[in-house]
Amino acid sequence: MPPREFKAIFFDLDGTLVDIHGPLYSAARNALDELGHKPPLTQERYREALARDDVWLGVPAHLRPEYVKLAWAYFMAEIDKTERLEVLPHVSETLAELKRRGYETGVITSRPGNSQRLVEKLAMVGLASHLDHVVTQSTATMGALDKSASLKQTAIKAATHPHACVYVGDEPRDIMAAINAGYGASVAVATGAASFNYLQNHPEYKPDYAIRSMSELIGLLDRLKEESSI
């Protein structure tokens, strides 16, 4: 099989398929307040920081480990109480087209808990029928942030070699997981907190491809398939 003729396309959830800017802002504000970071985070300051690729929101290096723990806990609490997912633009039609073309599809998320509960939430917004696999994490600890093992296991469940799998995510850690799992390609989509430039030029976990929205994914796959046949 040519190296860029893929059989399975798997996705991160938050920031990739569903919008999370509201929960992210609330989690960041609460974490910064708990750390005593000044001045208080406003929505305007949050947007300005992300626009200049300040993903740490001004948190000094020595406080970042604690900030991550707090922000993760607050974020989990925020999304847990959100019953209805807010689907990002172009997601529904892209997933439907992937299934129409015969790709194996799935969501592999850092969200903890029963995957069936997430399936129910995805069904409420019309996404579940386009997904063959929905994978959550068994722990709510920081270890859930590394999805490398889940990516490997999902490829096995899909009876697909990792080299024939693509993982699409909105954060450098999504790209890290795809690399660790031996996936054939990683795609960063700039619909989460990180900007297109930040994702495209990340010093450690640079994606194979970067797109600005999910509307570009089908075209990217078509180009890769054409290149593989040359």
Side-chain angles (χ1 to χ4, degrees), residues 11-86 88 107-115 117-118 121-122 134-151 167-180 188-199 201-205 207:
F11 298 88
D12 169 54
L13 178 64
D14 297 301
T16 301
L17 300 184
V18 301
D19 185 64
I20 52 162
H21 279 290
L24 272 181
Y25 164 69
S26 296
R29 182 194 61 207
N30 289 333
L32 291 175
D33 287 349
E34 189 163 335
L35 288 172
H37 189 69
K38 301 294 182 182
L41 186 68
T42 63
Q43 288 191 342
E44 183 179 6
R45 287 187 57 243
Y46 172 76
R47 290 192 296 268
E48 289 174 350
L50 296 185
R52 62 176 182 269
D53 292 335
D54 178 13
V55 296
W56 290 107
L57 305 174
V59 175
H62 72 282
L63 289 178
R64 289 175 183 176
E66 185 62 20
Y67 168 74
V68 169
K69 292 178 184 177
L70 289 171
W72 169 248
Y74 280 120
F75 178 70
M76 285 294 103
E78 287 289 328
I79 61 173
D80 186 59
K81 68 185 182 184
T82 302
E83 281 301 310
R84 188 171 180 86
L85 302 173
E86 185 177 343
L88 286 163
V107 162
I108 307 170
T109 175
S110 290
R111 288 195 185 199
N114 190 325
S115 62
R117 179 71 182 109
L118 180 55
K121 287 189 175 185
L122 291 165
V134 175
V135 180
T136 56
Q137 303 302 309
S138 59
T139 175
T141 66
M142 292 291 293
L145 290 171
D146 185 354
K147 295 174 284 188
S148 304
S150 292
L151 266 67
Y167 191 55
V168 184
D170 69 305
E171 295 185 65
R173 66 185 178 89
D174 297 323
I175 307 308
M176 176 196 75
I179 293 169
N180 291 345
V189 57
T191 48
S195 72
F196 179 84
N197 288 333
Y198 181 85
L199 292 167
N201 301 302
H202 195 272
E204 289 183 89
Y205 304 115

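For clarity, every value in this text was computed on a predicted model and none was experimentally measured.
- Between the CG atom of Leu24 and the CZ atom of Arg29 there is a distance of 12.5 Å, given to the nearest 0.5 Å.
- Of all the heavy atoms in Ala28 and Leu57, the pair that sits closest is CB-CD1, 3.5 Å.
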| task | Go through Leu122 and Leu17 one step at a time and tell me if the side-chain contact (heavy atoms from CB on, under 4.5 Å) criterion holds. | result | CA-CA 10 Å; Leu122 291 165; Leu17 300 184; 5.6 Å; no
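- Between His21 and Tyr46, some side-chain heavy-atom pair lies under the 4.5 Å cut-off.
- In this structure, a donor-acceptor pair under 3.5 Å is absent between the side chains of Thr191 and Asp170.
- Closest of all the heavy-atom pairs between Asp12 and Gly169 is CB-CA, 3.8 Å.
- In this structure a side-chain-to-backbone donor-acceptor pair under 3.5 Å is present from Gln137 to Thr109.
- In terms of modelled atom types and a separation under 3.5 Å, the side chain of Tyr25 and the main chain of Leu41 share a donor-acceptor contact.
- There is no side-chain donor-acceptor pair under 3.5 Å between Arg117 and Thr136.
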| task | Step by step, work out the side-chain contact (heavy atoms from CB on, under 4.5 Å) result for Asn30 and Leu70. | result | CA-CA 8 Å; Asn30 289 333; Leu70 289 171; over 6 Å; no
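- Defined by atom type and a distance below 3.5 Å, a donor-acceptor pair is present between the side-chain atoms of Ser148 and Asp146.
- Looking only at side-chain heavy atoms (C-beta outward), Tyr167 and Lys147 come within less than 4.5 Å of each other.
- With a 4.5 Å cut-off on side-chain heavy atoms, Arg45 and Pro40 do not count as touching.
- A search for side-chain contact (heavy atoms from CB on, under 4.5 Å) contacts involving Pro23 returns Phe75, Glu78, Ile79, not counting sequence neighbours.
- Among all heavy-atom pairs drawn from Leu35 and Glu66, the shortest one is CD2-CG, 3.7 Å.
- Between the Asp80 side chain and the Met76 main chain, no donor and acceptor come within less than 3.5 Å of each other.
- Pairing each heavy atom of Leu85 with each of Val18, the nearest pair is CB-CG1, 3.9 Å.
- The CG atom of Leu32 sits 5.5 Å away from atom NE2 of His37, with the distance rounded to the nearest 0.5 Å.
- Side chain of Asp174 to backbone of Glu171: a donor-acceptor contact under 3.5 angstrom is found.
- Annotation for Arg111 and Leu13: closest pair NE-CD2, 3.6 Å, computed over non-hydrogen atoms.
- Residue Ser110 comes nearest to Leu145 through the heavy atom pair OG-CA, 3.7 Å, listed as atom of the first residue, atom of the second, then distance.
- The distance from atom OH of Tyr67 to atom CZ of Arg64, rounded to the nearest 0.5 Å, is 10.5 Å.
- Using the six-membered ring where Trp is involved, His202 and Tyr198 have ring planes that are perpendicular, over 60° apart on the 30 and 60° scheme.
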